[in-house]
Each structure stands twice: as structure tokens, then as C-alpha cells.
Amino acid sequence: MELYELTLHELHELLKKREVSSVDATKALLSRIDAVEDRVKSFITVTPEEALKNAEEADKRIASGEMDLLTGIPVALKDIFLTKGIRTTCASKILSNFIPPYDATATARLKERGMVLLGKLNQDEFAMGSSTETSWFGKTRNPWNLDCIPGGSSGGSAAAIAAQQATATLGTDTGGSIRQPACHCGCVGLKPTYGRVSRYGVIAFASSLDQVGPITRDVTDSAIMLGAVAGYDPQDSTSVNIPVPDYRKALTGDVKGLRIGLPREYFIEGLDPEVKKAMDESIATFRSLGAEFVEMSLPHTDYAIAVYYLVATAEASSNLARYDGVRFGHRNQDARGLLDMYMVSRDEGFGAEVKRRIMLGTYALSSGYYDAYYLKAQKARTLIMQDFIKAFESVDVILTPVTPTPAFRIGEKANDPLQMYLSDIFTIPVNLAGTCGISVPAGISSDGLPIGLQLIGKHFGEETLLRAAHAFEQATEWHKRKASIA
Ligand code: GLN
């Protein structure tokens, strides 16, 4: 096994026993990045000097005996997390020269634990998309098939794990952006409950939906990464002040008697037959482990996409108003007067998808339309949330596909926003409800592309979610399969 192939927990054991140093591991990852980055393009910025400096510090810390699970582990972050002194672009031209003066809380928490920062990962511009095709810095490719999208918006985070360019990564999930790319790249992706992880210093897309979470090689790593970043932060008023459990302790392997719901609305026509087959096999695996299945309904599922594209775009139009060329980011130098400067800078700085969202959101919020669109969407959102709360009175977790099909080809949906939006049908309701969800490898299509299984948990039900995902993973071999580029 090469050092770059190891899971976080495997590498941790080697570091702890001093069989390898963090500098060794970091060098292995950096040369791996060099070897495959031309083909995959997971990164916007690679930070080799920072990484080696962090690794040397980590080795000192290990030598002195004060070691955390994250100490010396090479990590890469979606380029939405502010990193002090390191360019953070959100994959947009408008922030292409932005160097943050401070760290996001998630960045800072990983640093305190001694992570090694390898660099900043590609994504859709402002996290708007499902394919990492809207980045101003170019497209990321799926390491399982370079003609396919890696998913999005955290496509770089998932591709880097699949191509073995980082030991663990962080992404963000507003409507599926952790779970969907994790699914398409054969990784584990966890969207925690809204309020579980601080978003301070994470560039805002839709503030009532955005959540931070890990993309990793296996469920144990997911539990470790969540534990490292979760918890109350006075800097984010939406973070919830409840204790962070030891998520690793939840991984008991025991799902006997676990009640798993199968929502009728998620097993629909149009589901790819190979995805359907993988779900059937997964259900059989859980049954053999002693779990029980319950058919159930989430009756307002049909409204989720429409609600999401009103709420998310309304919030985005407001969040993105700050990019005006005045304090930071791209500014047009030839504009005549202030208003012209705002307009030309924004016109030049934002890509087509971001502009589409700003226009949709501004429209939905405008007087005369607010009640018909935004307010109505908020009411429907409450109904969707109540569906989940009610469902969790009788089941412990809910099992669904992550996406209706495996990864599509680059360009296939790029000119058809509605088709792109519809591909998020199974992930979006979880964000609207604010609960947690995890994507776990559950099959490979006949074309050699990964298929993922989604487990949805109740609010702050991450321990049950991780326990179920871990038991499934241990009973199957899917997480051990490697992308063809690997
Ligand atoms: N694909 C969805 C969108 O385009 C979700 C993105 C996300 O979760 N950041 O908005």
C-alpha cells in the first residue's frame, strides 16, 4: 500500500507508532497530486510549502506525545473555506484574487488538531451546481471515468479522495453538494444536521441550508472528521450548543432491530435500473444484519425542487450582493461612476449560472411576487420538514438512492439547467428539513461508475446514521474498490 492510499485512521496508526512521519505522508500525497492532477484537476490551489511546514510541525507534536487523530494528516479543503493568507476563490472570477485575513472555524479547528493543508479544491462557482462544470478555473473530471462529471458542487473534494490526492477533505452541502459528488466518486459523504458544524468563514450560498461536512474514504474517517469540526461556535449564531459525541464510539457494527424506512416517493419510475438493483441488494444486506424495513411516505417530496430553487436563490441573491468590487474581489477599472463600477464588476465577475440564480432569487423576493413565491415556498418547506419529523416517530433512519443515475458525461446537462436541477431530487429534501444524511458506496454500474446509497437521520441523529453506514460498509466491499485512475 502506498501512503497516499491509506484511510485517515490507518495513517493515524502508522504516525502514532512512528512507522512513518507526517513529512513522508505529505510528500507521498504531493507527488501523487503531481502525477494525476493534469488529468483530474481536483485543485484550484495546491500549497506544497504550507503542507511541508505543517507536516514538520506535526512531526514535532507527535514526537512530544501530544497527538490528535488529525495530527499530521494531509487534508484538502473545498475553496469555499476561508484560509488565512491562502487564496480563497469559491471558484469565481470575482474572488480570484481574494486572500482572506482569517480562517473559517472549520479550518481553524482542523489546524488546531494539527492537520496538514495540501490545498484548496475545485467546486462549482459559489457552490451552485451538481457537476463542477461552472468553476471559473475549469472542470474537474471523475477519476472513475475522465469523460464524466465528478458531481458537484464539492466535485474537487470527492475527486481528490477517489484519485488519492488527499487523505480526507471537507465540502459543503446546500442541496446535496457533499452526498452527490461522494456518490459519483465512490466516497463517503456526510451532511450533518443544520447547526451541527459552524459555517463561520464559509462563503455563504443559501444560509438556511448550507452545512459543512467531510468527504472521506470510509465511514470511520467520516466520524473522525465530523468530530473534529462539529460543535458550538459563538461566531455562527445558527450553530447549536449541544455536546459533540465521540462519533467513533457509535460505530459498533450492530444494527439489529434498527428500523429503516423506505419512502415510496424515492423509488420512482425513472430511477436507473442499476441504481434500483443496488438499492435492493443494500436492503438485503441490511436485512441480513438484522435491520427491519418499513414502507413509508414523505408526501411533500414533489415540492422539494421547486421550494429549494426559490429559497436557495432568494438567499443567494441577498448573500451575493456583497460582491460589488468595492472592498474585495474583482473590480473593473474602466467603469464610469459608482453604479457603473458595481454593474460592470459583477457582470464580469460572475458566471452564467450564478447570474441566473441571482436573477431568479431577486425576482422571487421582489414586491408583488414575494407572497406568491418566497412566502409560499417557506410554507411548503415547513410541510417537508414535518414529513421527516413525523417519519422519524416510527423509523430510526431512512434509506434512499443518492441520485437517480450514476455520473453523467461532461457537457450532458450543462446547457439544460432544469435537467441539472432535477438530478438533486433525493438530496435536496434533507437540506430543506435540516436533518442529516450520508452517502455510502453501494455498487458499481456496468459502465464502471460508482453507485451510492443515502441514509437519512433525524436532527442530530449522526451517531445512528454513522452506525448504520458503518455496519453496511463492513458487510460489503464497495468502499474498497478503486477508481480506474488509481
Ligand atoms: N446542486 C444544487 C444546486 O445547484 C446543490 C448545490 C449545493 O449543495 N451547494 O444548488
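Whatever order the structure lists ligands and atoms in, that order sets their numbers, starting from 1.
With ring centers used as reference points, Tyr200 lies under 6.0 Å from Tyr102. Side-chain rings of Phe126 and Phe205 stay apart, their centers remaining 6.0 Å or farther from each other.
Checked against a 3.5 angstrom limit, the closest N/O atoms of Thr174 and ligand 1 fall inside it. Considering both main-chain and side-chain atoms, Ser130 comes within under 3.5 Å of ligand 1 through a nitrogen or oxygen pair.
In terms of protein heavy atoms, atom 1 (N) of ligand 1 is closest to Asp424 OD2, 2.6 Å. For atom 7 (C) of ligand 1, the closest non-hydrogen atom on the protein side is Ser177 OG, 2.4 Å.
Near Gly129, with a cut-off below 4.0 Å to any heavy atom, the atoms of ligand 1 are 1 (N), 2 (C), 3 (C), 4 (O), 6 (C). Remark: ligand 1 atoms within the under-4.0 Å shell around heavy atoms of Gly175 are 5 (C), 7 (C), 8 (O). Heavy-atom proximity to Tyr309, at under 4.0 Å, picks out these atoms of ligand 1: 2 (C), 3 (C), 4 (O), 10 (O). Listed by atom number, the atoms of ligand 1 under 4.0 Å from Ser153 heavy atoms are 9 (N). Of all atoms in ligand 1, numbered sequentially from 1 with element shown, those under 4.0 Å from a heavy atom of Tyr308 are 2 (C), 3 (C), 5 (C), 6 (C), 10 (O). The contact set between ligand 1 and Ala127, taken as ligand atoms under 4.0 Å from a residue heavy atom, comprises 6 (C), 7 (C), 9 (N). Residue-ligand proximity, Phe205 to ligand 1, at heavy-atom distances under 4.0 Å covers atoms 9 (N), 10 (O). The atoms of ligand 1 that sit less than 4.0 Å from any heavy atom of Met128 are 4 (O).
Classification of Glu274 and Lys277 as a salt-bridged pair fails, no side-chain N sitting under 4.0 Å from a carboxylate O. A salt bridge does not link Lys84 to Asp103: none of the charged nitrogens lies less than 4.0 Å from a carboxylate oxygen. By the 4.0 Å N-to-carboxylate-O rule, Arg179 lies close enough to Asp173 to be salt-bridged with it. The residues Asp272 and Lys276 are annotated as not salt-bridged, no charged nitrogen and carboxylate oxygen being separated by less than 4.0 angstrom. Between Arg467 and Glu463, no side-chain nitrogen of the basic residue sits less than 4.0 Å from a carboxylate oxygen of the acidic one, so the salt-bridge criterion is not met. With respect to the salt-bridge test (charged N to carboxylate O, under 4.0 angstrom), the residues Asp79 and Lys120 qualify.
Taking the six-membered ring where the residue is Trp, Tyr421 and Tyr309 present parallel rings, their angle staying beneath 30° rather than reaching 60°. Relative ring orientation between Tyr373 and Tyr369 is described as parallel, the plane-to-plane angle staying below 30° on a 0-90° scale split at 30° and 60°.
Within the 4.0 Å heavy-atom criterion, neither part of Gln123 lies near ligand 1. Under 4.0 Å from ligand 1, not a single heavy atom of Tyr421 appears.
Of the candidates Arg357, Gln180, Glu353, the one placing a heavy atom closest to atom 4 (O) of ligand 1 is Arg357.
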